[in-house]
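Here's the structure we're looking at; comments come further down.
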Amino acid sequence: MPELPEVETIRRQLAPRLAGRLILDARAHESAKFASAVAARGARIGEVQRRGKYLLFALDNDHELIVHLGMTGMLRIAEPGVTDQYVRAAWDLDDGAVLEYRDVRRFGRIAVVPRGSYASLPTLAAQGPEPFDDAFTPQQLWTALGTSTARVKTQLLSQRPVAGVGNIYADEALWRSRVHPASRHVTKPQAARLHEAVRHVLAQGIDNGGTTLRDYRNFEGGRGENQFALACYGRGDEPCLRCATPLRRTVIDARGTTFCGTCQRR
DNA sequence: CGCAGCGCCTGAAGGC
DNA sequence: TGCCTTCAGGCGCTGC
């Protein structure tokens, strides 16, 4: 599932490839989740930025094209003559290439909005700080987590305490910081450890080009390598790398969750 | 207003 | 072998 490291890997690859390109034409799946992709027709692409898991393409008409990859979304340059029933949007570029958005399960989303107007994307509008910005601090994380009584993992997945953490990196960060995923309250030291852990696991994910367990591919079609660096996610019943206790698998907020019942205390 | 619960999607994998 | 069930889960929306 594309989380911040996967989206950032894609952004770094496609930004230089797409900057300055004019969108000559566009097509999209009829679903409201993708239909507005055609509104980018006639615009020139500027800077490509990322906010959490959202890709933001600046357009020269005071709008921006926003792409969220959901579970199985991917961006790529089309191969000539190849048809694919899972392509949900396509943009014809002025250099002859076709940018495609492919999404088997259609959990992703595309929007064209006036620059900075995110009312139609409430999760984007309400997101917490970028994890590598100065605004993300141990104190800020502790305060943010304290405003809700929801489980700490649920809060991380809400994107509100910090942007960009999904199920894989949430399990990794909670394991690294020794915080129990179902905790409804975290201490200041726990928040400080979680702050460090979020930055660590996301930075490592970027360094490794993202995590490819099933569907994730980068803009060049390649796989990430971070799946070989995971300490917790997907390792249920395998020994904890700190204490050797078999990791436990449970469900929190309808998401598969792996954690160490010995190291990670409430 | 906050939040729990639900629905969207479809291929892969496992059971019988 | 083939059919059926279960599973993966981010996020927008609804209703309490």
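Throughout, protein chains are lettered first and strands after them, A, B, ... in sequence-line order, and every chain is numbered starting at 1.
Rounded to whole angstrom, the span from the CE atom of Met1(A) across to the P atom of dC11(C) amounts to 12 Å. Taking atom NZ of residue Lys53(A) and atom P of nucleotide dG10(C), one finds them 5 Å apart after rounding to whole Å. When rounded to the nearest whole Å, the span between CG of Leu69(A) and P of dG10(C) equals 13 Å. Note: CZ (Arg214(A)) to P (dT6(C)) measures 18 Å, nearest angstrom. For the pair Phe34(A) CZ and dC11(C) C1', the interatomic distance rounds to 12 Å; values are reported in whole Å. Spacing between atom CD1 of Ile168(A) and atom P of dA8(C) amounts to 12 Å, rounded to whole angstrom units. Rounding to whole angstrom units, CG of residue Leu124(A) and P of dC13(C) are separated by 13 Å. In this structure, the CG atom of Leu55(A) is 12 Å from the P atom of dC11(C), given to the nearest Å.
Considering every non-hydrogen atom in both Gly236(A) and Thr258(A), the closest pair reads N-CG2, 3.8 Å. Taking all atoms of both residues into account, the shortest heavy-atom contact from Thr262(A) to Arg265(A) is O-NE, 3.3 Å.
Heavy atoms of Gly108(A) sit nowhere under 4.0 angstrom from any nucleic acid atom. The residue Ser148(A) sits close only to the backbone: its heavy atoms come under 4.0 Å of sugar-phosphate atoms, none of a base. Among the heavy atoms of the strands lying under 4.0 Å from Arg255(A) is at least one base atom, whether or not backbone atoms are also near.
Between Glu64(A) and Tyr118(A), the side chains place a donor N or O and an acceptor N or O closer than 3.5 Å (distance only, hydrogens not considered). Judged by distance alone, the side chains of Tyr169(A) and Asp171(A) never bring a donor and an acceptor atom under 3.5 Å apart. In summary, the side chains of Asn218(A) and Thr9(A) do not present any donor paired with an acceptor at a separation below 3.5 Å, with no hydrogens or angles considered.
Bracketed by its first and final contacts, the part of DNA chain B lying under 4.0 Å from non-hydrogen atoms of chain A reaches from dC3(B) to dG11(B) in 5' to 3' order.
Not a single donor-acceptor pair under 3.5 Å links the side chain of Asp133(A) to the backbone N or O of Ala135(A). Gln204(A) places no side-chain N or O within donor-acceptor distance of the main-chain N or O of Asn226(A), the cut-off being under 3.5 Å.
Where Thr149(A) and Arg105(A) each meet DNA chain B at their nearest nucleotide, the meeting point lying more 5' is that of Thr149(A).
Comparing dA8(C), dG10(C), dC11(C) against the side chain of Tyr233(A) picks out dA8(C) as the nearest.
The phosphate of dG10(C) has neither OP1 nor OP2 within less than 4.0 Å of any side-chain N or O from Gln159(A).
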